[in-house]
Amino acid sequence: MKQKTIAVVGAAETTEMGKIPDTSQLMLHADAALNAMKDAGLTAKDIDGIATAGDSPVEVAHYLGITPTWVDGTSVGGCSFMLHVRHAAAAINEGLCNTVLITHAESGRSRVGARRFSRDPASQSGQFEVPFGITSPPTMFTIPALRYMKQYGVTEEDLAHVAVVQREWAAQNPRASFRDPITVDDVLNSKMIAWPFRMLMCCLVTDGGGALILTSAERAKDFPQKPVYILGTGESCETPMISQMEDFTSSKAFRVSGKKAFGEAGIKHADVDHLMIYDAFAHLPVYGLEDLGFCDKGEGAAFIRDGHTRPGGRLPLNTNGGGLSYMHSGMYGMYALQESVRQMRGIAPAQVPNAKISIAHGVGGMFAASGTIVFSNEAP
Amino acid sequence: MADYNRPLPTATPETRHFWEGTQNGELRLQRCTACKESYFPPRPFCPVCGSRAVEVYKASGKATLYSYVINHRPRPDFGTEPHSIAVVTLAEGPRMMTNIVDCPQTPEALALDMPLEVTFEKASDEISLPKFRPAKKA
């Protein structure tokens with residue numbers, strides 16, 4: 001896409017986050033959407049493009065009273081919202097619509113009006129993976145890590161450091177689910193989930209949602225909030241089965257999506273002030289740092305352990321506390337985008353001083369898909 | 001027959017040869033007769049070159065351990081004992097998910113790259129699952 005032709009003019013999360021047993025999943029979509037429309041000074045009548053994942057965009061549009069001329073139900077897991085941003089940018093530039101609402105909501109913990117998670121036993125995954133016990137992310141997403149650890153001499157302590165550093169960020173965020181400091185020993189002594197992964201290396205399961213509103217950069221100047229411009233975008237996918245990843249030490253979808261986004265944005269890694277990498281589990285930021293090109297292969301864990309991503313470090317990473325400590329309702333990509341927008345507006349609880357370029361990088365499924373968005377807060 | 005209340009696969013026309021193979025004690029792969037590439041999971045065309053000229057053959061059943069986890073969360077269908085969920089690299093090249101059996105389910109007993117051999121676990125009248133165990137010394 002063309003740089004800075006599109007801007008985020010509305011962004012909000014659900015009013016409550018964490019445990020919301022008195023609200024259905026559909027209403028969480030609406031709550032986030034109403035908050036984002038208020039943020040942008042708009043009503044449903046002003047929205048002519050709608051996108052969501054998991055649930056149907058038809059359901060969300062009708063519930064909110066939106067009659068769109070552009071609909072995107074791309075649903076490739078937790079990074080779907082990065083793909084929606086990319087597709088929305090193209091759609092607005094093509095004149096298919098003017099003002100796009102992207103929503104995510106999941107009653108991940110309370111399961112009020114939530115989708116049932118199941119795999120068809122005749123699907124490829126249902127035939128060749130599920131019978132061996134991988135019906136949930138903690139036993140699926142984690143499988144490649146041991147190969148990575150052996151290849152690069154990375155230890156369980158190294159993985160624990162990821163969780164420790166992200167808790168340091170979460171401590172600064174009043175909305176984070178877990179804010180108390182933790183040590184490497186705390187992580188290594190937490191409950192065993194799927195060796196080598198302990199409880200504190202796994203993301204939370206919460207309720208919540210978020211919504212974004214995008215329009216052309218030209219119109220963005222007239223909105224109440226500081227516009228956050230889209231500088232570059234990327235997307236890709238690899239395989240619905242984690243056993244069929246080409247290489248267990250690297251995500252092809254990450255590499256392709258990241259390269260595309262950097263190329264569109266025309267930036268170097270040194271230009272990036274702030275980074276979000278979807279952290280469903282502690283190894284994800286390590287793979288992300290390497291596959292996006294911030295670190296050489298095998299160097300990602302040491303980069304985190306050495307403090308470069310922690311508060312005060314040179315590459316602030318997952319500054320909301322991440323899926324490990326902030327929240328994770330099921331499709332976390334929306335929250336990574338929200339934090340990038342807050343950082344670009346200059347209103348994040350753990351604000352990175354003078355941050356001008358932020359990247360939000362998402363994963364979908366278990367290394368199945370990926371989306372990358374590069375944001376800038378400098379006007380075109 | 002093990003106590004199976006676990007999710008079992010449903011074969012499709014494109015995968016039936018594989019599940020018929022495991023029932024008959026054979027691990028069946030496919031390869032392209034044009035580019036000679038072996039591949040898995042089953043499909044009636046070559047994922048590398050797109051040719052539909054493919055053949056089913058009996059694989060050696062030999063593999064090495066590529067990566068795994070040891071699940072510690074009790075599950076109604078898998079019981080309470082920790083168990084491995086693994087991905088193996090077959091001698092013929094493709095990778096597949098499985099469980100490593102007939103050995104302690106511990107990091108010490110499950111060394112990456114260890115040689116393995118296939119064994120078949122009858123789960124129902126229709127389905128036998130391919131599992132892998134440490135290879136017997138030659």
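Lettering follows sequence order; numbering is per chain, from 1.
Options B/T12, B/V87, B/T15, B/I70 differ in how many heavy-atom pairs under 4.5 Å they form with chain A, and the most are formed by B/I70. Most heavy-atom pairs under 4.5 Å with chain B, from the set A/M140, A/M245, A/Q244, A/Q124: that is A/Q244. Ranked by non-hydrogen atom pairs under 4.5 Å with chain A, the options B/Y66, B/W19, B/F18 are led by B/Y66. Ranked by non-hydrogen atom pairs under 4.5 Å with chain B, the options A/I193, A/T142, A/T139, A/I242 are led by A/I193. Listed options A/L146, A/D120, A/I134, A/V130 were ranked by heavy-atom pairs under 4.5 angstrom with chain B; first place goes to A/L146. Top candidate by heavy-atom pairs under 4.5 Å with chain B, chosen from A/P138, A/A145, A/P196, is A/P138.
Residues of residues 36-65 of chain B lying within less than 4.5 angstrom of chain A, judged on heavy atoms, are B/F40, B/P41, B/P42, B/L65 in numerical order.
A/H161 meets the side chain to side chain donor-acceptor pair (under 3.5 Å) test with no other residue; sequence neighbours excluded.
Heavy-atom distances place no part of B/P94 under 4.5 Å from chain A, backbone and side chain included.
No more than 12 heavy-atom neighbours from other residues, nucleotides or ligands sit within 6.0 angstrom of CZ on A/R109. Atom OH of A/Y152 sits in a crowded spot, with more than 12 heavy atoms from other residues, nucleotides or ligands closer than 6.0 Å.
What you find for B/R95 and A/E246 is that their closest heavy atoms are NH1-O, 3.2 Å. When every heavy atom of A/W195 is checked against every heavy atom of B/Y68, the shortest pair comes out as CZ3-OH, 3.4 Å. For A/F132 against B/T98, the heavy-atom pair with the smallest separation is CD2-CA, 3.5 Å. The minimum heavy-atom distance between B/P9 and A/P131, with the atom names listed, is CD-CG, 3.6 Å.
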query: After noting the C-alpha distance and the side-chain angles of A/S136 and B/R73, does the key distance pass the side-chain contact (heavy atoms from CB on, under 4.5 Å) rule?
result: CA-CA 11 Å; A/S136 69; B/R73 294 204 304 175; 3.1 Å; yes

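Taken to the nearest 0.5 Å, the OG atom of A/S243 stands 12.0 Å off from the CD1 atom of B/I85. Here the CD-OG1 distance, from A/Q127 to B/T10, works out to 7.0 Å after rounding to the nearest 0.5 Å.
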